[in-house]
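Naming: A, B, ... by sequence-line order, numbering from 1 per chain.
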Number of protein chains: 2
Amino acid sequence: MTNQHILVVEDETAISDMIGFTIDRAGYTWRAAMDTKEAATCIAERLPDLILLDWMLPGISGIDYAKRLRKEELTQDIPIIMLTARGEESDKLRGFDAGVDDYISKPFSPKELVARIKAVLRRVSPFKEDSICQIDELRLDASSHRVSVNDSCVEMGPTEFKLLQFLMTHPERVYSRTQLLDYVWGSNVYIEDRTVDVHIRRLRKALGDHGYDRFIQTVRGAGYRFSPQE
Amino acid sequence: MTNQHILVVEDETAISDMIGFTIDRAGYTWRAAMDTKEAATCIAERLPDLILLDWMLPGISGIDYAKRLRKEELTQDIPIIMLTARGEESDKLRGFDAGVDDYISKPFSPKELVARIKAVLRRVSPFKEDSICQIDELRLDASSHRVSVNDSCVEMGPTEFKLLQFLMTHPERVYSRTQLLDYVWGSNVYIEDRTVDVHIRRLRKALGDHGYDRFIQTVRGAGYRFSPQE
DNA sequence: GATCCTTGTCACAATTGTGTCACATTATAG
DNA sequence: CTATAATGTGACACAATTGTGACAAGGATC
């Protein structure tokens, strides 16, 4: 994972300079853009591995821009971390809907910035690599976004897909509801723990039609585990 | 989930009670201190994995205390999260200089508190996992939350699991009932000593089906001990 | 705008775990 | 050997956790 590239979209140069200095020292390369137009140029020149996006940009809100990035094929898989000022946190949820991966509220420490960048990159990249994951006859194809058992398709919602993807790529290990929220939904979403149960239920139902719900096991007092065993 | 311990340094009992309640449910053990003196006592008794520190303490600012903790060898690596009231955020940067790892501004939701605690702990000690513990043919795998003897699964409740985990990671040593309550249940529960007996009984029963109950030995007048030897 | 799908939350049901008690059993002191 | 204290054990009420169906809000699609 050497030489990952980060695009900083931020109109205050004081801030983007500080950010640049920090991520430089962390071993990443980066470019700064002051508006969406510059950003487009940067992206064309070199596709970044991650985008740091200010909440407010000249002429457009960061969220709207994030949505736009999500629609373009080129950029739809690039993780986005939003930089919010104090008091804008109430709108966080809107951002997660737009596909934002994480938030940092200003002022933040260099440590925190680097930690979140690392966390997001770690979370995102393992998914990209092995696009096909098969355990027994249960097969998950990330690139075509399909789950199948013996070539017959298993229908499920996007969240269930991501959940199954995470579980299948991390089998034989128990994850608490909070951890699953962290890893599957994203770090700081404020969602009830119990919501995970409901999605587990939906996932089991989808797999159950094909007899594979037994792979998803409840560990009382701890969380859930994916395992072909027993 | 290896029973991490948190120290809460906060002079308002209403707040520290609420915090305690929350982190209890998140599976951590904790102690509360109302001032730096009490804090020192708590640290001496059991070194915490994380410190929650109020911005203002009787006689000293939280930041100054944080700096002091950073100077002591014993505490310099323990992550600190500061609790700030609204309006004190402008001083965040000073705190980061003092080596503070994160901030939470009051009022905060339990969910946010737990999320930040986990984030900081994960950031600081990412390698605290795995922990497969095997003695003879008895194997306890913390990450998959499984106990097995010769690959056949041993069923037990959550408390029995934690108890066995503690005993297996601290073999050859006698623990009194009160100590076990402290270490396995958490130091702030009010439970009868004799309850430990019942859980020992349940644990023995689970292991006994596989012939491993002899590992849990009663030391009359003292407590219990885990040991492969008779 | 009408329709469909997804999603988070809730309320209630089903299940499982927990702490305490009473009584049985065992060890130890005298 | 007996008295006494410590530990083992089964039962049980109730607490806590998890499963499940329903629902309303919000997006997406057309």
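Residues satisfying the ring-ring contact (aromatic ring centres under 6.0 Å, His included) criterion with A/Y212, sequence neighbours excluded, are A/F215. Scanning for ring-ring contact (aromatic ring centres under 6.0 Å, His included) contacts around A/Y65 gives an empty result, with sequence neighbours left out. Here A/R204 pairs with nothing under the salt bridge (charged side-chain N to carboxylate O under 4.0 Å, His left out) rule; sequence neighbours left out. Legend: residues meeting salt bridge (charged side-chain N to carboxylate O under 4.0 Å, His left out) with B/R194, ordered by chain and number and at least two apart, are B/D197.
Judged purely by distance below 3.5 Å, without hydrogens or angles, the side chains of B/S227 and B/E172 pair a donor atom with an acceptor atom. Using a 3.5 Å distance cut-off with no hydrogens or angles, the side chains of A/S152 and A/N150 do not pair a donor with an acceptor.
Between B/F226 and B/Q217, the closest side-chain pair of non-hydrogen atoms is not below 4.5 Å.
Here D/dT17 presents its C1' atom at 14 Å from NE2 of B/H145, a figure rounded to the nearest Å. Spacing between atom NZ of B/K205 and atom P of C/dG17 amounts to 13 Å, rounded to whole angstrom units. If you measure from atom NE2 of B/H199 to atom P of D/dG8, you get 14 Å, rounded to the nearest angstrom. Distance A/D197 CG to C/dA11 P: 16 Å, rounded to the nearest Å. Atom CG in B/L181 sits about 13 Å away from atom P in C/dT18, given to the nearest Å. Distance CE (B/M156) to P (C/dG17): 12 Å, rounded to an integer number of Å. When the C1' atom of C/dC5 is taken as reference, atom CD of A/E160 falls 12 Å away, rounded to whole Å. Distance CD (B/Q217) to P (D/dG8): 12 Å, rounded to an integer number of Å.
Between B/Y190 and C/dT20, a side-chain N or O to OP1/OP2 separation shorter than 4.0 Å is absent. At D/dG8, one or more side-chain N or O atoms of B/Y224 fall inside 4.0 Å of OP1 or OP2 (strictly under the cut-off). For C/dT18, the OP1/OP2 oxygens have no side-chain nitrogen or oxygen of B/W185 closer than 4.0 Å. Neither OP1 nor OP2 of D/dT18 sits under 4.0 Å from any side-chain N or O of A/T218. For C/dT7, one of the phosphate oxygens OP1 or OP2 lies less than 4.0 angstrom from a side-chain nitrogen or oxygen of A/T159.
A side-chain contact (heavy atoms from CB on, under 4.5 Å) with B/Y28 is found for exactly one of B/D49, B/T22, B/I6, namely B/I6. Residue A/I80 forms a side-chain contact (heavy atoms from CB on, under 4.5 Å) with just one option from A/L53, A/L50, A/L52, and that option is A/L53.
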Do nucleotides 21-30 of chain C as a string where each nucleotide becomes B, S or -: B if the base has a protein heavy atom under 4.0 Å, S if just the sugar-phosphate does, - if no protein is that close.
B----BBS--

Verdict with reasoning, A/F161 to A/H145, per ring pair (Phe, Tyr, Trp, His ring centres under 6.0 Å)
CA-CA 8 Å; A/F161 182 85; A/H145 244 253; 4.2 Å; yes

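Rotation axes derived from the C1' atoms of the five outermost pairs at either end of the helix from C/dG1-D/dC30 to C/dG30-D/dC1 lie 30° apart, to the nearest 10°.
The B/P158 side chain lies nearest to C/dG17 when the options are D/dG8, D/dT18, C/dG17.
Contacts of A/V196 with the nucleic acid, taken as non-hydrogen atoms under 4.0 Å apart, are absent.
Side chain B/R202 to base C/dG17: no donor-acceptor pair is found below 3.5 Å.
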